**Student:** 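Please read through the structure below; I'll follow up with questions.
Remember, it's a predicted structure, so these values are computed and weren't measured experimentally.
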Amino acid sequence: MSRVYNFSAGPAVLPQEVLKEAAAEMLDYRGTGMSVMEMSHRSRDFEEILTTAEQDLRDLLNIPEDYKVLFLQGGAHLQFSMIPMNLMKNRVADYIVTGQWAKRAYTEAAIFGKAVKIASSEDKTFSYIPDCSDLPVSPEADYVYICENNTIYGTKFKELPDTKGKLLVSDVSSCFLSEPVDVTKYGLLYGGVQKNIGPAGMVIVIIREDLITEDVLPGTPTYMKYKIHADAGSLYNTPNSYCIYMCGKVFQWLKSMGGLSVMKQRNEEKAAILYNYLDESRLFKGTVHKEDRSLMNVPFVTGDKETDAKFVKEATAEGLVNLKGHRSVGGMRASIYNAMPKAGVEALVAFMKKFEEENL
Ligand SMILES: *Cc1c(COP(=O)(O)O)cnc(C)c1O
């Protein structure tokens, strides 16, 4: 067996310890004689998996009692419509457009009401986070929406916007559990788990209880009401049970590592190794404003398409894989999520140095 260093933006690297445990339990989960994949989602064993996963997530993020945790399907994309359907009571919502995912959410919201783009960084290929200290928040807005870490462009909100008293809704897909957050600052935060937590196929929604009501937009399908899922404890229909099990293992791994403040420190150390090198390199350059740099997704370019392609190809041969950048930015992108060990980032930088010497 040989494992590569996988810099994919998602689905992405998982902790090796977690994969090993899952492998050991694949044929016989703790004496049940079956895999978790084969288990009824109404069984006692699965119920324990689900409640433990939720409790561990609550512990990690310090989620207050008056917030519900929902394990849903449909990925982050389904939230682009579930959010307006459930929260856009006045049919007005403000969007801060800092990348492709925020733009998709904004476009989707416009199906249901007046989506107002109150700030954007599209003028410079989303390479920065706009100033959000004094936004033209709409008086009627039901919420202000952000994408907190922009997976494709490599920017992150270091400070939450001043929403002037409006609810904050945040897509945290690619920075979920990368550092501690104050859940009380949000009305709703959510993320697809395939970036920084588990396998693809699930989204976790953390929502303040009073926002879960029957008062949704007319025509909202039953399945798209938060209330249905909250009342059923994420078991309204068959959930992605194996994904819940895997995420639960990752939560336990995070706890064993020391929790989110330790993860933040590790993530800062890892990102610094790469950013410090990018700042001194004569061949490679980071593509975003320094003060807005993401700890999770690091895009960089050489400025020459052929050199970029050569780099990606040679890195792959060295076991440093999935470094090709998103088509809208070009160049390279290294996603260095929680499960990427420091040794992986060190190996990448060592290879970049060698490549720089050979190609300048
Ligand atoms: C990947 C990603 C999405 C889309 O996720 P799906 O699960 O494929 O719908 C949305 N937002 C962010 C920030 C992402 O990184």
**Student:** Where does the angle between the aromatic ring planes of Tyr245 and Tyr29 fall among parallel (under 30°), tilted (30 to 60°) and perpendicular (over 60°)?
**Tutor:** perpendicular

**Student:** Using atom types as modelled and distance alone, determine if a side-chain donor or acceptor of Asp56 lies under 3.5 Å from a backbone N or O of Phe251.
**Tutor:** no

**Student:** Answer yes if Leu217 and Met224 sit in the same cluster of Ile, Leu, Val, Met, Phe, Trp and Tyr residues linked by side chain heavy atoms under 4.5 Å apart, and no otherwise.
**Tutor:** yes

**Student:** Do Phe157 and Tyr106 sit in one hydrophobic cluster, given that two such residues count as connected whenever their side-chain heavy atoms are within less than 4.5 Å of each other, even indirectly?
**Tutor:** no

**Student:** Scan side-chain atoms only and decide if Thr302 and Asp308 contain a donor-acceptor pair under the 3.5 Å cut-off.
**Tutor:** yes

**Student:** Could you check whether atom CD of Glu306 has more than 12 heavy atoms from other residues, nucleotides or ligands sitting under 6.0 Å from it?
**Tutor:** no

**Student:** Whether the side chain of Asn267 engages the backbone of Ser178 through a donor-acceptor N/O pair (distance < 3.5 Å, no angle test) should be reported.
**Tutor:** yes

**Student:** Can a salt bridge be assigned to the pair Lys124 and Asp292 using a cut-off of 4.0 Å between side-chain N and carboxylate O?
**Tutor:** no

**Student:** Compute the centroid of each ring, for His229 and then for Tyr223, and state whether the two points are separated by less than 6.0 Å.
**Tutor:** yes

**Student:** Kindly check if the number of other-residue, nucleotide or ligand heavy atoms within 6.0 Å of NZ (Lys185) is above 12?
**Tutor:** no

**Student:** Does the Asp142 side chain pair with the main chain of Arg91, one donor and one acceptor, at a distance under 3.5 Å?
**Tutor:** yes

**Student:** Taking the side chain from Thr52 and the backbone from Glu48, do they hold a donor-acceptor pair closer than 3.5 Å?
**Tutor:** yes

**Student:** Would Asp45 and Thr32 count as a side-chain hydrogen bond (donor to acceptor under 3.5 Å, both in side chains) here? Give the steps.
**Tutor:** CA-CA 8 Å; Asp45 289 297; Thr32 57; 5.5 Å; no

**Student:** Within a 6.0 Å radius of atom NZ on Lys255, are there more than 12 heavy atoms belonging to other residues, nucleotides or ligands?
**Tutor:** yes

**Student:** Do Gln73 side-chain atoms and Thr238 backbone N/O form a donor-acceptor pair below 3.5 Å?
**Tutor:** yes

**Student:** Heavy-atom count around Lys310 NZ within 6.0 Å, excluding the residue itself: above 12?
**Tutor:** yes

**Student:** Applying side-chain contact (heavy atoms from CB on, under 4.5 Å) to Phe46 and Ile244, what does each step give before you reach the verdict?
**Tutor:** CA-CA 9 Å; Phe46 185 73; Ile244 291 171; 4.0 Å; yes

**Student:** Checking salt bridge (charged side-chain N to carboxylate O under 4.0 Å, His left out) for the pair Glu54/Arg58: CA distance, chi angles, key distance, verdict?
**Tutor:** CA-CA 6 Å; Glu54 178 174 339; Arg58 285 184 173 275; 2.9 Å; yes

**Student:** Do side-chain atoms of Ser174 reach the backbone of Asn149 as a donor and acceptor pair under 3.5 angstrom?
**Tutor:** yes

**Student:** For the residue pair Glu280 / Asn276, report whether a side-chain donor-acceptor contact shorter than 3.5 Å exists.
**Tutor:** no

**Student:** Taking all non-hydrogen atoms of both residues, which atom of Ala200 and which atom of Asn240 are closest, and how far apart?
**Tutor:** O-ND2, 3.9 Å

**Student:** Could you check Asp231, Val216, Ile212 and say which one makes a side-chain contact (heavy atoms from CB on, under 4.5 Å) with Lys225?
**Tutor:** Val216

**Student:** So, taking the atom named OG1 in Thr287 and the one named CZ in Arg293, what distance separates them when rounded to the nearest 0.5 Å?
**Tutor:** 9.0 Å

**Student:** Please test Leu14 against Trp253 for side-chain contact (heavy atoms from CB on, under 4.5 Å), starting from the C-alpha separation and ending with a verdict.
**Tutor:** CA-CA 10 Å; Leu14 289 168; Trp253 177 77; over 6 Å; no

**Student:** Taking all non-hydrogen atoms of both residues into account, name the closest pair between Pro161 and Cys132 and its distance.
**Tutor:** CB-CB, 3.5 Å

**Student:** Taking side-chain hydrogen bond (donor to acceptor under 3.5 Å, both in side chains) as the test, write out the residues that go with Ser133, two or more places apart.
**Tutor:** Asp131

**Student:** Checking side-chain polar atoms at under 3.5 Å, does Arg104 have a donor or acceptor matched by the opposite partner on His77?
**Tutor:** yes

**Student:** Does the distance from a Lys or Arg side-chain N to an Asp or Glu carboxylate O, for Lys114 and Glu140, drop under 4.0 Å?
**Tutor:** no

**Student:** Excluding sequence neighbours, so at least two apart, what forms ring pair (Phe, Tyr, Trp, His ring centres under 6.0 Å) with Tyr128?
**Tutor:** His289

**Student:** Could you report the tightest heavy-atom contact between Val92 and Ser138, atom names first, then the distance?
**Tutor:** CG1-CB, 4.1 Å

**Student:** Which of parallel (below 30°), tilted (30 to 60°) and perpendicular (above 60°) describes Tyr145 and Tyr190?
**Tutor:** tilted

**Student:** Of the non-hydrogen atoms in Pro130 and Thr98, which two are nearest, and what is the gap between them?
**Tutor:** CD-CG2, 3.6 Å

**Student:** So, Asp94 side chain and Val137 main chain: donor-acceptor pair closer than 3.5 Å or not?
**Tutor:** no

**Student:** Apply side-chain contact (heavy atoms from CB on, under 4.5 Å) to residues Arg208 and Thr184 and explain how you reach the verdict.
**Tutor:** CA-CA 8 Å; Arg208 218 176 61 208; Thr184 64; over 6 Å; no

**Student:** Evaluate Met246 against Leu19 for side-chain contact (heavy atoms from CB on, under 4.5 Å), listing each step before the verdict.
**Tutor:** CA-CA 9 Å; Met246 287 298 289; Leu19 294 174; 4.1 Å; yes

**Student:** Would you tell me whether Asp171 and Gln79 have side-chain atoms, one donor and one acceptor, within less than 3.5 Å of each other?
**Tutor:** no

**Student:** Report the C-alpha distance between Glu314 and Lys354 in whole Å, list the side-chain angles of each, state the deciding distance to 0.1 Å, and finish with yes or no for salt bridge (charged side-chain N to carboxylate O under 4.0 Å, His left out).
**Tutor:** CA-CA 11 Å; Glu314 291 181 13; Lys354 180 167 157 276; over 6 Å; no

**Student:** Does any N or O in the side chain of Asn297 come within less than 3.5 Å of the main-chain N or O of Ile152, such that one atom is a donor and the other an acceptor?
**Tutor:** no

**Student:** Apply side-chain hydrogen bond (donor to acceptor under 3.5 Å, both in side chains) to Tyr275 and list each qualifying residue two or more places apart in sequence or on a separate chain.
**Tutor:** none

**Student:** Run through Val193, Val18, Ile49 and flag the one making a side-chain contact (heavy atoms from CB on, under 4.5 Å) with Cys247.
**Tutor:** Val193

**Student:** Taking NZ in Lys313 as the centre, count heavy atoms belonging to other residues, nucleotides or ligands within less than 6.0 Å. Is the count above 12?
**Tutor:** no

**Student:** Answer yes or no: is there an ion pair linking Glu179 with Lys156, defined by an N-O contact shorter than 4.0 Å?
**Tutor:** yes

**Student:** Nearest 0.5 Å please: distance from the CE atom of Met88 over to the CG atom of Asn86.
**Tutor:** 12.0 Å

**Student:** Just wondering, more than 12 heavy atoms not from Lys324 lying within 6.0 Å of its NZ?
**Tutor:** no

**Student:** Tell me whether Val172 shares a hydrophobic cluster with Ile129, the cluster being built from Ile, Leu, Val, Met, Phe, Trp, Tyr side chains joined at under 4.5 Å.
**Tutor:** yes

**Student:** Between CG of Leu160 and CG of Asp182, what distance do you get to the nearest 0.5 Å?
**Tutor:** 8.5 Å

**Student:** Going from CE on Met352 to CG on Leu274, what distance comes out if it is rounded to the nearest 0.5 angstrom?
**Tutor:** 5.5 Å

**Student:** Between the side chain of Lys117 and the main-chain N/O of Val97, is any donor-acceptor distance below 3.5 Å?
**Tutor:** no

**Student:** Measure the acute angle between the ring planes of Phe311 and Phe351, then classify it against the limits of 30° and 60° as parallel, tilted or perpendicular.
**Tutor:** tilted

**Student:** Check for a donor-acceptor pair, side chain of Lys270 on one end and backbone N or O of Tyr337 on the other, with a separation under 3.5 Å.
**Tutor:** yes

**Student:** Count the heavy atoms of every other residue, nucleotide or ligand shown that sit under 6.0 Å from CD of Glu346, and state whether that count exceeds 12.
**Tutor:** yes

**Student:** Side-chain heavy atoms under 4.5 angstrom apart, residues restricted to Ile, Leu, Val, Met, Phe, Trp, Tyr: same cluster for Leu61 and Ile197?
**Tutor:** yes

**Student:** Kindly work out whether a path of hydrophobic side-chain contacts (I/L/V/M/F/W/Y, heavy atoms less than 4.5 Å apart) joins Leu177 to Leu295.
**Tutor:** no

**Student:** Take a 6.0 Å sphere around CG of Leu360 and say whether it holds more than 12 heavy atoms from other residues, nucleotides or ligands.
**Tutor:** yes

